[in-house]
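Below is one structure, written out as structure tokens; comments come after it.
Note that these values count all heavy atoms, side chains included, but never hydrogens, waters or copies made by symmetry. Proteins get letters first, then strands, A, B, ... in listed order; numbering begins at 1 in each.
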Amino acid sequence: MSQIDLSLLNKEQLEPVMQTEGAVLVTAGAGSGKTRLLTYRIAHIVQNLNIPPWNILAITFTNKAAREMKERLSHMLYNHEQLHVSTFHSLCVTILRKYIELTGEYTKSFSIYDESERKKVIKSVAAEICSDKKDNLTEQIDAALSTIKNEGISLDDYRDIHKFEYHIDDIVLAVRKYNEILKKSNALDFDDLLNFAFDILVQYQEAREFYQKRFKYIHVDEFQDTNIIQYKIVKILAGRHKNILVVGDEDQSIYGWRGANIGNIRDFISDFDCKVYKLEQNYRSTKSILNAANAVIKNNESRIKKNLWSDGEEGQEPQIVSNNSDSDEAEFLARTIKGLNNKGMLLNNIAVLMRNNFLSRAPEQKFMFYGIPYKMYGGFRFYERREIKDALAYLKILANPFDTESISRVLSFPKKGIGEASIAKLIDSAFRQGVSPVDIILGLINENSSQTYDLPNSLIKKLQPFAKKIELLVDCKEMSISALIRLVYKTFEFNEALSAETEENESRKENLKELYNSILQIEKNNPALSLDEYVQQIMLYSDLDADKTSDSVTIATIHSAKGLEFDAVFIIGLEEGILPSSRSIDDESAVEEERRLMYVAITRARKRLFLSYVKSRFMYGKYNSAPISRFLKETGIYFHEFSVQKTMAKHSEYADFSSRIRQNSVSSANSNYKFNKIENLIKHSIDIKLLKAGSKVMHKRLGEGKIISINYSTNEADVEFNNMGKVTLSISLAPITIIE
DNA sequence: GTGTTGAGTATTTTT
DNA sequence: TACTCAACAC
């Protein structure tokens with residue numbers, strides 16, 4: 001491959017790209033091309049300076065960002081495979097897999113406990129310490145654990161700092177017990193991954209030198225969102241070559257609640273003798289969008305002033321949209337998006353952004369109703385679904401037979417007549433004898449040995465048939481992962497357990513199938529992947545890879561939309577109590593973080609921006625009214641008090657789906673759509689040529705209907721539904737099939 | 001040990 | 001609304 005052409009970079013971007021030696025801090029405003037800077041710098045170091053890709057480390061904040069960066073680099077470098085581009089958490093898993101056995105306390109097939117497993121352990125610890133008022137204790141233990149692990153302070157120091165607190169001794173004890181349980185289970189939580197990796201780098205010279213020598217050039221993206229322990233890791237990794245570049249933007253720091261420490265930027269300046277560069281030219285948004293963003297963020301007091309500018313077009317003024325209810329808001333979204341789409345904007349270039357997950361409900365329903373394909377980021381995550389966790393638990397106990405949370409799942413699903421108390425006995429017996437719970441279960445196959453485990457006979461009877469199945473599974477451990485998961489479904493009779501004909505069960509079976517398919521996919525891409533690596537990796541991924549092939553609208557929380565950009569962005573729920581969230585409203589620094597969220601949301605937009613609030617929103621089972629978000633006022637955009645109809649009329653791109661959809665039939669579209677995959681819809685959609693007036697069709701939710709007329713230029717048809725009346729549907733999108 | 005019911009409560013945000 | 005948790009019945 002030829003030299004990397006750096007002429008596409010502007011002067012501000014070029015300088016830090018060329019400054020490869022030593023420490024570099026880049027403060028990069030939103031949309032100023034920091035990803036471009038990072039990828040070109042890495043490509044430049046490898047291609048133009050002839051540094052082996054093996055020597056490069058790039059740390060991103062999310063898996064999505066890592067994937068994207070790898071993707072871009074794959075077009076620039078032929079030997080990109082050897083670059084290490086990953087999140088902090090996966091970097092730490094890599095380090096731990098290589099070196100954790102030096103500690104003698106864990107094996108490299110350790111389990112990773114996610115938030116729900118962590119919560120369960122905390123709860124059990126709280127219950128053990130004091131059975132009354134444990135609710136409060138649970139929260140306190142949770143808080144203590146996260147402070148200790150995010151800030152990397154010792155338990156003793158924590159006790160000193162909080163020595164006057166009421167329950168401090170209980171909390172310290174609980175933290176000890178929590179860590180004890182995880183250790184016995186050969187398990188680490190997300191924070192442990194960082195802390196243990198750091199400890200290993202500190203304590204074992206071999207490990208430290210290996211990575212210090214290897215990573216000659218280190219890059220950290222989203223530096224404003226690193227926490228204290230992450231910064232410590234960066235510092236120790238860069239300890240030898242000291243070639244490190246960090247990119248960040250204070251105004252986009254939105255993870256304070258997770259321990260992100262803006263002070264890291266200051267510390268970086270004093271810890272390293274670093275050069276500082278600024279990127280202030282925005283290439284993404286129109287001037288009018290940028291103006292709104294700047295107008296909002298300048299209200300933050302604690303902030304270094306900067307001047308984000310653009311020499312692009314003025315563009316259309318962002319629009320403030322008012323609606324009576326969340327369902328009207330969603331109606332507005334559907335129609336406007338359809339209108340933009342009709343005018344040629346790809347759905348892929350459109351996003352609906354919101355403060356929290358529950359706001360997605362109304363838009364999802366409307367999009368389903370109108371057959372607008374969408375993908376949802378954040379929210380219900382695939383690997384967090386019950387049935388998926390249940391299935392994976394069987395694989396996890398093969399990888400790590402000490403994983404008590406998975407053991408308890410395996411014993412609970414499918415139902416075997418074994419309850420919580422029995423599970424506790426089994427695990428306790430294993431701990432006492434220093435063997436794994438799986439060993440105990442397998443031991444029960446030989447009836448004679450049952451005496452030694454001191455378990456009640458009734459329980460042993462229940463466990464024995466199960467033990468045989470587990471033995472079969474263990475014997476097949478060397479098979480491929482996909483074969484194993486099939487064996488699990490079959491041997492443990494998942495289908496039978498989900499045979500009751502409910503919608504819920506159908507969707508569970510569907511998801512289990514999808515899990516199997518995803519494993520096939522992963523095996524194809526990575527044939528050498530071992531079982532324990534697979535279950536570790538899966539824990540760091542929140543979702544299956546989004547389907548890139550279909551054109552669909554993005555619905556996302558603002559947090560998960562960070563780093564993305566779209567032609568058109570709709571920010572919904574701009575009401576006090578939502579953005580800013582009710583929990584932050586009386587804490588000025590919390591409000592500033594909320595304001596940064598607003599800023600991040602606005603700066604996702606390239607061309608069009610819609611800011612939406614409603615007069616009354618359905619939440620907690622009733623309608624609530626809240627004042628308009630202060631941030632909306634801060635944008636300085638002229639405030640039109642639209643009525644819904646006027647709003648609609650004002651938008652030329654507003655699509656008229658149907659002249660007369662009866663309002664009540666529209667709002668009768670009910671819930672339970674959330675597990676339906678948009679792919680299903682697409683599979684069901686049909687070719688317009690197959691339709692004619694008079695055809696009978698079946699709509700996935702609207703039921704049976706008859707085509708009245710077809711508009712071939714817009715690809716839409718008027719359909720008379722038996723129980724809905726007349727509805728205009730997009731033929732290529734609506735979930736319909738021809739029945740006659 | 002499991003399943004049902006009713007009360008009470010909750011929605012930030014993610015690796 | 002929709003979910004969790006405790007109490008109670010079997």
Side-chain angles (χ1 to χ4, degrees), chain A residues 59-66 86-93 112-116 118-120 123 127 131-132 134-135 138 146 149-150 188-194 197 222 225-227 229-230 253-260 326 353-362 365 377-381 383-384 386 411-413 415-425 456 458-459 462 536-543 556-563 573 577-585 590 593-594 596-598 600-601 617-624 670-672 674:
Chain A
I59 296 174
T60 60
F61 193 65
T62 62
N63 294 308
K64 210 192 306 164
S86 79
T87 63
F88 271 107
H89 293 266
S90 20
L91 169 67
C92 289
V93 170
I112 299 170
Y113 279 5
D114 70 8
E115 213 53 27
S116 75
R118 175 173 176 273
K119 284 264 154 60
K120 275 194 200 159
K123 245 179 173 173
S131 43
D132 49 331
K134 69 172 176 235
D135 255 12
T138 310
S146 97
K149 294 186 176 183
N150 278 317
L188 305 175
D189 64 26
F190 285 141
D191 295 331
D192 287 337
L193 295 176
L194 305 174
E222 309 281 13
D225 285 322
T226 51
N227 66 20
I229 187 74
Q230 287 168 335
S253 163
I254 54 176
Y255 281 92
W257 53 274
R258 208 175 90 185
D326 47 347
L353 304 185
M354 62 222 167
R355 176 67 234 274
N356 46 220
N357 277 306
F358 79 91
L359 293 175
S360 74
R361 196 161 302 172
Q365 284 182 11
Y377 285 115
F380 320 96
R381 264 161 283 183
Y383 293 113
E384 276 167 22
R386 241 244 306 279
L411 289 168
S412 314
F413 182 88
K415 291 244 147 31
K416 302 165 185 54
I418 298 168
E420 226 175 297
S422 302
I423 294 172
K425 267 182 209 151
S458 57
L459 176 59
K462 281 183 200 159
Q536 283 169 347
Q537 277 187 21
I538 226 82
M539 294 308 289
L540 298 179
Y541 275 84
S542 52
D543 233 321
T557 60
I558 299 170
H559 284 90
S560 59
K562 184 150 106 158
I578 292 187
L579 184 61
S581 107
S582 52
R583 301 216 177 178
S584 59
I585 241 158
E593 179 148 322
E594 299 288 306
R596 290 193 291 270
L597 265 175
M598 178 74 174
V600 168
R617 187 174 292 280
F618 193 73
M619 53 201 291
Y620 305 129
K622 54 175 192 278
Y623 282 96
N624 285 332
N670 59 22
S671 62
N672 241 344
K674 59 191 176 202

I'd like a table of atom pairs between the protein and nucleotides 13-15 of chain B - only N or O on both sides, under 3.5 Å - with the distance next to each one.
| from | atom 1 | to | atom 2 | distance (Å) |
| --- | --- | --- | --- | --- |
| B:dT13 | OP1 | A:N357 | N | 2.7 |
| B:dT13 | OP1 | A:N357 | ND2 | 2.9 |
| B:dT13 | O2 | A:W257 | NE1 | 3.2 |
| B:dT13 | O2 | A:R355 | NH2 | 2.5 |
| B:dT13 | O2 | A:H559 | NE2 | 3.4 |
| B:dT14 | OP1 | A:T557 | OG1 | 2.8 |
| B:dT14 | O2 | A:R258 | NH1 | 3.0 |
| B:dT15 | OP2 | A:S542 | OG | 3.4 |
| B:dT15 | O2 | A:H89 | NE2 | 3.1 |
| B:dT15 | O4 | A:E115 | OE1 | 3.4 |

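Residues meeting the side-chain hydrogen bond (donor to acceptor under 3.5 Å, both in side chains) test with A:S584, sequence neighbours left out: none. Annotation: salt bridge (Lys or Arg N to Asp or Glu O under 4.0 Å) contacts of A:D191 (sequence neighbours excluded): none. Checked against salt bridge (Lys or Arg N to Asp or Glu O under 4.0 Å), A:E594 has the following partners two or more places apart in sequence or in another chain: A:R355. Not counting sequence neighbours, the partners of A:Y255 by the ring pair (Phe, Tyr, Trp, His ring centres under 6.0 Å) test are A:F61, A:W257, A:H559. Listed by chain and residue number, A:K149 satisfy the salt bridge (Lys or Arg N to Asp or Glu O under 4.0 Å) test with A:D189 (two or more places apart in sequence, or in another chain). With sequence neighbours left out, the ring pair (Phe, Tyr, Trp, His ring centres under 6.0 Å) criterion links A:Y620 to no other residue. Residues that satisfy the side chain to side chain contact (heavy atoms under 4.5 Å, CB included) test with A:N227, not counting sequence neighbours, are A:N150, A:L194, A:I229, A:Q230. A search for salt bridge (Lys or Arg N to Asp or Glu O under 4.0 Å) contacts involving A:R617 returns A:E329, A:E575, not counting sequence neighbours. Residues satisfying the side-chain hydrogen bond (donor to acceptor under 3.5 Å, both in side chains) test with A:T226, not counting sequence neighbours, are A:N264.
Checked by atom type and distance alone, the side chain of A:E593 pairs as donor or acceptor with a backbone atom of A:G256 at under 3.5 Å.
To the nearest angstrom, C1' of B:dA10 lies 11 Å from NZ of A:K622. As a whole-Å value, the separation of A:D326 CG from C:dT1 C1' is 12 Å.
For DNA chain B, runs of at least 3 consecutive pairs of the Watson-Crick or G-U wobble type, with both hydrogen-bonding distances under 3.5 angstrom, map to B:1-10 with C:1-10.
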Worksheet entry | Sequence-aligned protein contact record of nucleotides 1-7 of chain B, with B where the base is within under 4.0 Å of a protein heavy atom and S where only the sugar-phosphate is | SSS----

